[in-house]
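Mind looking over this structure? Questions follow.
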Amino acid sequence: MAKCDQGYLCEVCGQDVSAIVDSDLYLRYVIGELDPEVLHTTPERHLRCNPVLAQFIDHPDFDRVVVPGEMGLANLDPDFVAERVALITRGYERLLEIAASDEDRDVTAYPLPEVIDRYRH
């Protein structure tokens, strides 16, 4: 099978990341933690295969991820946690919007508005 026919395979579990709402790669891009220049060369992961990031999603359509130990929410600074939850949940909501849209959207329009502004300046 040609590489382009394989889809986006998760570098952790090896399974296909078939939906944008399951994509760690696109969530990081949408929230501004992945430069657009490396989007096409960065390995993909399921959100659940990156629990340290996924634990910050607080949305009814996403089953809560709990990370034990030092990197778990309970052991992090509460202000940091609140900021990360707000940002990453907004990013996840953006992925839901993109997935629900019927229009063929340009990938440069995916990020949150403040991220697009930052890329332009």
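We're numbering straight along the sequence, starting at 1.
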Review point. So, does Thr89 use its side chain to make a donor-acceptor pair with the main chain of Ala86 at under 3.5 Å?
Key: no
Check your understanding: So, is the end of the Arg48 side chain (NZ or CZ) under 6.0 Å from the ring centre of Phe62 and within 45° of the ring's axis?
Key -> yes
Practice item. Kindly compute the distance separating CD (Glu93) from CG (Asp61), expressed to the nearest 0.5 Å. Key: 9.5 Å
Point to revise | From CA spacing to verdict: side-chain contact (heavy atoms from CB on, under 4.5 Å), Val107, Tyr29 | key: CA-CA 10 Å; Val107 73; Tyr29 172 62; 4.0 Å; yes
Check your understanding: Of Val21, Val30, Leu27, which meets side-chain contact (heavy atoms from CB on, under 4.5 Å) against Arg94?
Key -> Val30
Revision key, fill the gap. dist His59:NE2 -> Leu96:CG (nearest 0.5 Å) comes out at 5.0 Å
Point to revise | From Leu87 atom CG to Glu33 atom CD, the distance as rounded to the nearest 0.5 Å | key: 6.5 Å
Study note, to complete from the structure: Interatomic distance, CG@Leu9 vs NE2@His46, rounded to 0.5 Å, equals 9.0 Å
Review point. Regarding Asp106 and Thr108, is there a side-chain donor-to-acceptor distance under 3.5 Å anywhere?
Key: yes
Point to revise | Passing option when Ser23 is tested against Glu44, Arg45, Arg28 for side-chain hydrogen bond (donor to acceptor under 3.5 Å, both in side chains) | key: Glu44
Exercise for review: Give, for atom CG of Leu47 and atom CZ of Phe56, the distance between the pair rounded to the nearest 0.5 Å.
Suggested key: 13.5 Å
Exercise for review: Using a 4.5 Å cut-off on heavy atoms from C-beta on, say whether the side chain of Arg64 contacts that of Asp58.
Suggested key: yes
**Study point:** N-O pairing of Arg90 and Glu97 below 4.0 Å
**Key:** no
Check your understanding: To the nearest 0.5 Å, what is the distance between CD (Gln55) and CE (Met71)?
Key -> 7.5 Å
Point to revise | Side-chain heavy-atom pair Tyr119, Val115 within 4.5 angstrom cut-off | key: yes
